[in-house]
2 protein chains.
Amino acid sequence: MKSYLKKSKDELLVLKAELEKQFEEIKKEKLNLDMSRGKPSAEQLDLSMGMMDVLNSSVDLKCELGTDCRNYGILTGIHDAKKLLADMSEVSVDNVIIYGNSSLNVMYDTVSRSYTHGVMGSTPWCKLDKVKFLCPVPGYDRHFAITQYFGIEMINVPMRETGPDMDTVEKLVSSDEAIKGIWCVPKYSNPQGISYSDETVRRFAALKPAAKDFRIYWDNAYCVHHLYEDDQDVILEILSECEKAGNPDMVYKFCSTSKISFPGSGVSVIAASKANIDEMQKQLTIQTIGHDKLNQLRHVRFFKNMDGITAHMKKHADILRPKFEAVLNILSNELGETETAEWISPKGGYFISFDSLEGCAKAIVKKCKEAGIVMTGAGATYPYGKDPLDTNIRIAPSFPSLDELTKAMEVFVLCVKLVSVDKLLESK
Amino acid sequence: MKSYLKKSKDELLVLKAELEKQFEEIKKEKLNLDMSRGKPSAEQLDLSMGMMDVLNSSVDLKCELGTDCRNYGILTGIHDAKKLLADMSEVSVDNVIIYGNSSLNVMYDTVSRSYTHGVMGSTPWCKLDKVKFLCPVPGYDRHFAITQYFGIEMINVPMRETGPDMDTVEKLVSSDEAIKGIWCVPKYSNPQGISYSDETVRRFAALKPAAKDFRIYWDNAYCVHHLYEDDQDVILEILSECEKAGNPDMVYKFCSTSKISFPGSGVSVIAASKANIDEMQKQLTIQTIGHDKLNQLRHVRFFKNMDGITAHMKKHADILRPKFEAVLNILSNELGETETAEWISPKGGYFISFDSLEGCAKAIVKKCKEAGIVMTGAGATYPYGKDPLDTNIRIAPSFPSLDELTKAMEVFVLCVKLVSVDKLLESK
């Protein structure tokens with residue numbers, strides 16, 4: 001197999017016929033496999049089954065400070081859970097609020113609160129003519145869905161190997177008062193698995209925003225989600241960097257245990273400066289009497305401390321690593337020499353980001369669907385679902401079994417080849 | 001003891017001296033008792049301890065339809081939980097969405113969504129000059145806190161024995177397009193324990209609002225919270241009444257298991273027309289991937305069905321009834337003949353509503369605090385914390401033990417007498 005780019009028209013036509021034959025064979029298998037969402041597999045969920053036993057009718061349901069976790073109260077979370085999740089967030093307990101089961105919900109509520117009530121005294125965004133967010137691309141579709149829902153204009157910022165292009169970020173943030181935020185997944189980013197370099201984090205912390213109510217939405221979703229024990233990314237802690245740079249209030253940091261314990265039944269946390277925390281608390285006291293303290297206690301009793309979480313994440317890694325490696329091997333073996341695709345080998349997170357030849361991503365995803373393989377929609381990694389070059393596809397290896405995944409990837413690379421050949425033939 | 005109203009100045013002065021002596025004695029006891037919030041007692045929480053055992057590492061964590069409740073997905077709730085809470089809400093499963101642990105949170109989010117995005121196509125409330133809500137008074141402070149937080153003007157509507165004064169409601173709702181909602185606790189209302197009559201419910205259902213986006217916020221918090229097995233209030237089901245009256249979309253109905261299982265670790269539900277549900281779902285899909293399905297499953301496995309909930313609520317009633325009766329007996333024995341107070345004997349719910357002589361409620365609560373008894377702040381049962389006649393005090397008998405409650409009520413009636421005597425002396 002040589003580079004497809006160097007093949008003649010005739011060679012491509014022969015190849016196309018052969019690939020189409022393979023594709024017809026595969027369609028007959030009537031596959032039904034899903035690589036679209038970053039869901040843990042059942043095997044991973046089994047790792048947390050002990051959490052179903054730590055609370056029962058024979059154990060004390062009081063937290064460390066004596067509060068009965070069964071009753072109302074404790075708006076910002078029980079102290080034990082604050083300690084655990086503050087440690088995971090690498091901040092002090094005074095800088096966290098524990099929320100419900102979904103950090104996405106916390107991010108939505110944070111945007112919503114800024115929209116209805118402003119940010120620490122600023123004009124509520126609903127009273128402004130224009131609000132904009134910067135969106136490093138490719139990125140997380142559910143982030144973009146929130147800002148789109150609130151009519152916030154999204155501006156693409158290209159991702160580099162070190163994080164978002166900071167020249168662009170600095171220029172835009174310092175010159176446009178309408179820019180109120182930026183979506184960041186700083187570690188093992190969704191979908192590329194890129195971790196921000198120290199320089200990138202420091203440049204974030206040192207931003208001089210035109211808007212006083214500008215905030216960095218720092219979604220540290222994959223903070224402990226390493227694939228390798230001996231090769232892990234470490235990023236600088238953004239709250240302390242912001243404080244050092246004289247911008248203590250500029251960042252909201254989000255985490256959750258969704259991909260640590262049980263997605264949908266985890267615990268989420270926001271970390272921010274005391275001034276931000278105080279402001280959030282004022283709103284939170286109107287919104288709820290408190291989140292689920294029994295579930296907070298359940299997490300504390302099961303994980304005990306950060307060492308417990310670290311040990312637990314190694315078990316996740318042992319399950320995920322072979323899947324990532326399988327995907328990367330198939331990509332490399334099947335597409336490596338074709339020069340029709342690029343991808344990044346991440347050291348953590350939940351995704352592999354795949355880039356096809358320009359103008360091919362949509363067609364590849366469509367072709368996969370014909371053969372029973374569901375991929376994340378092409379374009380989903382861009383605001384408004386619009387990938388300007390139509391190249392990016394997010395691969396989520398976690399949910400299928402290794403066998404299913406291998407099968408699905410075989411179909412995927414076949415579809416990539418087919419669509420690439422068609423694309424190359426167009427210009428012949 | 002005769003009516004205080006008929007006592008002479010001299011008699012009142014003698015009485016005052018005697019009461020003050022008693023008060024000084026009681027202060028020496030340095031009590032620290034709380035009758036301020038509607039929290040279940042530890043004994044009540046013990047009733048649900050079995051819920052801590054129904055899920056464990058040995059049982060299947062799939063719901064009836066086969067979904068693994070440990071993973072992401074199922075935005076609007078697992079079918080089994082929908083069935084249980086739809087039954088409790090007296091509607092069909094197609095008319096409910098299951099939310100997280102707090103119906104207050106759902107109400108907040110409902111107002112917030114209307115504020116940011118309008119109601120089924122109407123202008124978002126944040127774009128309007130004025131939005132108003134009707135507030136039957138006395139009512140629930142946390143309802144009023146939500147509307148106040150969003151800058152919504154609150155208009156008091158007097159409560160009658162049959163529910164809100166419907167002449168006033170009809171007149172206002174049909175004439176003022178700025179009126180977008182009304183807060184209702186239709187059964188065993190907070191704080192009076194009043195249940196709306198059939199006529200009241202029918203008049204609600206037949207409202208002809210000037211505003212197309214007017215909604216009844218029907219907080220059925222105490223739907224199954226009876227005190228007596230043989231004397232229970234039954235109210236008409238508002239969704240079906242609205243449909244009959246040609247107003248199918250006019251109501252949101254809220255419930256939760258907060259005071260059934262564990263407050264803070266319960267499950268909440270909204271019931272509404274299919275059109276409303278569809279609209280909410282559109283927003284919900286942006287806000288979250290789903291609520292805590294394991295907790296939904298926990299509730300289903302523990303209660304099984306409505307019979308299970310009904311049987312469980314009898315146990316709550318057995319604990320609560322003696323407390324309500326103790327409060328009512330002390331009120332009756334100590335204040336009955338004084339003519340300084342009025343109250344209602346509820347057949348369910350969590351509160352007893354107490355009305356002092358005009359201009360006395362604040363002073364009574366203050367006096368109680370001096371003696372170590374925390375009552376709900378006077379005025380809390382009115383929008384903006386302003387009780388125009390300063391008479392209403394909400395008594396919450398559930399949390400203290402019977403002994404503590406008896407003690408606290410002895411102090412309370414003493415404070416009522418003292419403040420009433422002072423008030424009567426003012427006009428002598």
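Since we're looking at a predicted model, the values are computed, not measured. Lettering follows sequence order; numbering is per chain, from 1.
Ranked by heavy-atom pairs shorter than 4.5 Å toward chain B, the options Gln148(A), Lys282(A), Lys259(A) are led by Lys259(A). Highest contact tally toward chain B, considering only Val106(A), Asn101(A), Leu45(A), is held by Leu45(A) [criterion: heavy-atom pairs under 4.5 Å]. Among the candidates Cys126(B), Ser41(B), Gly266(B), the residue making the largest number of heavy-atom pairs closer than 4.5 Å to chain A is Cys126(B). Between chain A and the residues Asn295(B), Thr288(B), Thr285(B), the most heavy-atom pairs under 4.5 angstrom are made by Thr288(B). When the candidates Ala42(A), Gly50(A), Gly100(A) are compared by the number of heavy-atom contacts under 4.5 Å with chain B, Ala42(A) comes out ahead. Ranked by non-hydrogen atom pairs under 4.5 Å with chain A, the options Gly38(B), Ala145(B), Pro40(B) are led by Pro40(B). The greatest number of non-hydrogen atom pairs below 4.5 Å with chain B, out of Arg298(A), Met107(A), Arg70(A), is found for Arg70(A). Options Ser102(B), Gly264(B), Gly290(B) differ in how many heavy-atom pairs under 4.5 Å they form with chain A, and the most are formed by Gly264(B).
Asn56(A) touches chain B through backbone and side chain together, each having a heavy atom under 4.5 Å away. Using a 4.5 Å cut-off between heavy atoms, Gln283(B) contacts chain A through both its backbone and its side chain. With a 4.5 Å cut-off on non-hydrogen atoms, Phe399(B) touches chain A through its side chain but not through its backbone. The contact between Asp109(B) and chain A is made entirely by side chain atoms (from C-beta outward), counting heavy-atom distances below 4.5 Å. Heavy-atom distances place both the backbone and the side chain of Phe262(B) under 4.5 Å from chain A. Proximity to chain A involves both the backbone and the side chain of Asn105(B), based on heavy atoms less than 4.5 angstrom apart. For Asp68(B), the part lying near chain A is the side chain, with the backbone staying farther off; criterion is any non-hydrogen pair under 4.5 Å. In this structure, the portions of Ser265(B) lying under 4.5 Å from any heavy atom of chain A include both its backbone and its side chain.
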List the steps and the verdict of side-chain contact (heavy atoms from CB on, under 4.5 Å) for Met49(A) and Leu61(B). CA-CA 10 Å; Met49(A) 284 306 283; Leu61(B) 298 178; 3.5 Å; yes
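The local environment of CG in Asn32(B) is sparse, with at most 12 non-hydrogen atoms from other residues, nucleotides or ligands closer than 6.0 Å. Within 6.0 Å of the NZ atom in Lys62(B), the count of heavy atoms belonging to other residues, nucleotides or ligands does not exceed 12.
Residues Met52(B) and Ser57(A) come closest through the heavy atom pair CB-N, 3.8 Å. Residues Leu104(B) and Ile286(A) share a closest heavy-atom pair of CD2-O, 3.9 Å.
Heavy-atom proximity under 4.5 angstrom to chain B picks out Asn71(A), Tyr72(A) from residues 71-82 of chain A. Chain B is approached within less than 4.5 Å, heavy atom to heavy atom, by Ser112(A), Arg113(A), Tyr115(A), Thr116(A), His117(A) from residues 110-124 of chain A, ordered by number.
Within the 4.5 Å cutoff, no side-chain heavy atoms of Ile289(A) are placed close to those of Arg37(B).
Side chain of Asp53(A) to main chain of Leu55(B): no donor-acceptor pair is present (N/O by atom type, distance under 3.5 Å, no hydrogens or angles).
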